[in-house]
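Right, one structure below, let's go through it.
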2 protein chains.
Amino acid sequence: MNKKSLKKGKLPQATIARLPVYLRSLVMLANKGEQIVSSDILAQLAGTNAAQLRKDLSYLGEFGTRGVGYEVDQLINEMSKWLGLLRDRKVIIVGLGRLGGALVGYQGFSQRGFKIVGAFDRDPAKIGMVTDGVLVRSMEELEDFVKNTPGGIDIGIIATQASSAQSVANKMINAGIKAIINFAPITIDVPADVVLRQVDLSVELQILSYYLQKE
Amino acid sequence: MNKKSLKKGKLPQATIARLPVYLRSLVMLANKGEQIVSSDILAQLAGTNAAQLRKDLSYLGEFGTRGVGYEVDQLINEMSKWLGLLRDRKVIIVGLGRLGGALVGYQGFSQRGFKIVGAFDRDPAKIGMVTDGVLVRSMEELEDFVKNTPGGIDIGIIATQASSAQSVANKMINAGIKAIINFAPITIDVPADVVLRQVDLSVELQILSYYLQKE
DNA sequence: GCATGTGAAGCGCTTCACAGCA
DNA sequence: TGCTGTGAAGCGCTTCACATGC
């Protein structure tokens, strides 16, 4: 058996980013009643190639049957384990503009176990309102809310303007949050023990724009 | 002078993905009135390191002054040129759920020259409505709309459910659109001459989840 | 002196090609 | 025979370290 799987060592970053895509494809197969899948088929569903998929899976362990393929349920289970998805994750969001508002109600989050348990905004007009079952609180309440939530808050979503993003991140970090996703169009700094993902929607369009003019 | 810049050859993919982030930082500096910036400062603002930045810039040409730094305005100009941002881009969006609705009004798009000129949905209750100055049309109108828009449509945004995403993409491609960004949580296929970017918000949270359990 | 520009080295990821096994 | 699992080769990107030039 594979040494790396025994040691539960770190996976390559590129592999980590693909696991959720594999998982998404596997859940789709399971919903269709498929029980077995080959690396060829799964790779196609996930938008990659069979060699890549098999190499990725080899970091997790040995789950396939040669000449046959992989059990869909088993792969779902293993990947969920590796991704830490066997339990729900508690999430808060700051900034209830239109993007933030859409994210609070986004079905894709709750379906996959990401529960938005708190929402915060600095606009007094929004504070006290309830959207999608979540009460909007003031920024001053953030730290206490995080500290008083049993088990803590796993992930903080920043959906504010660029000018507020860094100070919001600082508040989250002070409150003890260790994972942040930032939708504001600015680069924010976090300490080494905090994981950060930046998602700038305009950046995605600009990348497309580059490729458009190359033709 | 650099041969690659003369030939306007292709840039490394990783560099392309960073250019919009540099540009964002440079525009911020320009707004603050800064005229000169060093690779050290700009790299920090963009969340990378000076060597990386200088290497990236070297693919575009030679713009710096040794011992001094780079002219902010000149870099903005060069990067805009390389990213094809010297003219506005016409964009359509399909799917006016909460995420789609938020994207139609997203200031970050229009500010950066991405103009949403058409919106489409299959829900009769939404067709005919106007959001953010954009009329919502039926799916049947999509192809004619794209073909009758002078200069064509540059980019199509898919913000539908996963189950509709591939057929929406096919409609866009048939209408002649060459760049697509897909927010639906499913992998879609496009021909080789169409550029595609997949943005799955749940995938981002799942990646964070992986890192959370590693501590 | 100081910051840029860049070959060269280093590193991580992807792809290949085939051994291993049902 | 057919598909997995994996060393090894190949490739692209990052980092280094220093020559270059204001």
Side-chain angles (χ1 to χ4, degrees), chain A residues 1-7 9-19 21-22 25-26 29 34-75 78-79 82 207 210, chain B residues 1-7 9-19 21-22 25-26 29 34-75 78-79 82 207 210:
Chain A
M1 190 187 282
N2 179 325
K3 266 172 256 162
K4 279 172 191 154
S5 75
L6 282 175
K7 292 174 64 182
K10 292 227 171 80
L11 308 178
Q13 288 199 343
T15 299
I16 297 165
R18 280 188 296 266
L19 285 187
V21 181
Y22 298 145
S25 310
L26 287 162
L29 288 170
E34 303 285 339
Q35 299 185 330
I36 300 284
V37 68
S38 68
S39 59
D40 236 325
I41 300 291
L42 181 53
Q44 239 177 319
L45 287 172
T48 182
N49 63 71
Q52 179 77 270
L53 170 64
R54 290 203 303 274
K55 181 62 95 181
D56 284 339
L57 287 179
S58 77
Y59 295 121
L60 314 190
E62 296 186 26
F63 308 115
T65 309
R66 288 161 204 243
V68 180
Y70 302 92
E71 273 188 43
V72 172
D73 284 346
Q74 190 187 9
L75 281 193
E78 282 295 332
M79 290 192 183
W82 277 88
I207 293 171
Y210 170 86
Chain B
M1 188 186 284
N2 179 325
K3 266 174 254 162
K4 278 173 192 155
S5 76
L6 282 175
K7 292 173 66 182
K10 293 225 170 80
L11 309 178
Q13 289 199 343
T15 299
I16 297 165
R18 281 188 296 266
L19 285 188
V21 180
Y22 298 145
S25 311
L26 286 163
L29 287 171
E34 302 285 339
Q35 298 185 329
I36 301 285
V37 69
S38 70
S39 59
D40 236 324
I41 300 292
L42 181 53
Q44 238 178 320
L45 287 172
T48 183
N49 63 71
Q52 179 77 268
L53 170 65
R54 290 203 304 274
K55 182 60 99 179
D56 284 338
L57 287 178
S58 78
Y59 296 121
L60 314 189
E62 296 187 26
F63 309 116
T65 308
R66 289 163 204 242
V68 181
Y70 303 91
E71 274 188 42
V72 173
D73 285 344
Q74 188 187 10
L75 281 193
E78 282 296 331
M79 290 192 183
W82 278 88
I207 294 171
Y210 171 87

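To find a chain, count down the sequence lines: A is the first, B the second, and so on, and within it residues start at 1.
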Do the side-chain N or O atoms of [X] get closer than 4.0 angstrom to the phosphate oxygens (OP1, OP2) of [N]?
{"X": "Q52(B)", "N": "dT15(D)", "result": "yes"}
{"X": "Q13(B)", "N": "dC13(D)", "result": "no"}
{"X": "Y70(A)", "N": "dG5(D)", "result": "yes"}
{"X": "S39(A)", "N": "dT4(D)", "result": "yes"}

- Note on the structure: Winner on side-chain proximity to A14(A), out of dT6(D), dT14(C), dC13(D), is dT14(C)
- Choose from dC13(C), dA3(C), dT6(D) the nucleotide whose nearest atom is closest to any side-chain atom of P12(A). dC13(C)
- Tell me, do D56(B) and Y22(B) make a side-chain contact under 4.5 Å, heavy atoms counted? yes
- Message: Which is more 5' along DNA chain C, the nucleotide nearest R18(A) or the one nearest T65(B)? Just name the residue.
- Response: T65(B)
- Please work out if N49(B) contacts a base, only the sugar-phosphate, or nothing of the nucleic acid, heavy-atom cut-off 4.0 Å. sugar-phosphate
- Item | From CG (L26(A)) to CD (E78(A)), nearest 0.5 Å | 11.5 Å
- Task: With rounding to the nearest 0.5 Å, note down the distance linking CG in D73(A) to CG in L29(A).
- Result: 10.5 Å
[X] [atom1] to [N] [atom2], straight-line distance once rounded to whole Å:
{"X": "D40(B)", "N": "dT15(D)", "atom1": "CG", "atom2": "P", "result": "14 Å"}
{"X": "F63(B)", "N": "dA3(C)", "atom1": "CZ", "atom2": "C1'", "result": "17 Å"}
{"X": "L53(A)", "N": "dT4(D)", "atom1": "CG", "atom2": "P", "result": "8 Å"}
{"X": "E71(B)", "N": "dA3(C)", "atom1": "CD", "atom2": "P", "result": "17 Å"}
{"X": "D56(B)", "N": "dG5(C)", "atom1": "CG", "atom2": "C1'", "result": "13 Å"}
{"X": "I36(A)", "N": "dG2(D)", "atom1": "CD1", "atom2": "C1'", "result": "14 Å"}
{"X": "K10(B)", "N": "dG12(D)", "atom1": "NZ", "atom2": "C1'", "result": "16 Å"}
{"X": "I41(A)", "N": "dT4(D)", "atom1": "CD1", "atom2": "C1'", "result": "15 Å"}

- Message: Keeping Y210(B) on the side-chain end and L11(A) on the backbone end, is there a donor-acceptor pair under 3.5 Å?
- Response: yes
- Residues in salt bridge (Lys or Arg N to Asp or Glu O under 4.0 Å) contact with R54(A), at least two apart in sequence or another chain: none
- Item | Non-neighbouring partners of Q13(A) that pass side chain to side chain contact (heavy atoms under 4.5 Å, CB included), sequence neighbours left out | Y211(B)
Please list, for nucleotides 16-21 of chain D, all pairs of protein and nucleotide N/O atoms separated by less than 3.5 Å.
unit_1: dT20(D); atom_1: O2; unit_2: R66(B); atom_2: NH1; d: 2.3

- Item | Candidate pair L75(A) and L42(A), rule side chain to side chain contact (heavy atoms under 4.5 Å, CB included), full reasoning | CA-CA 11 Å; L75(A) 281 193; L42(A) 181 53; 4.0 Å; yes
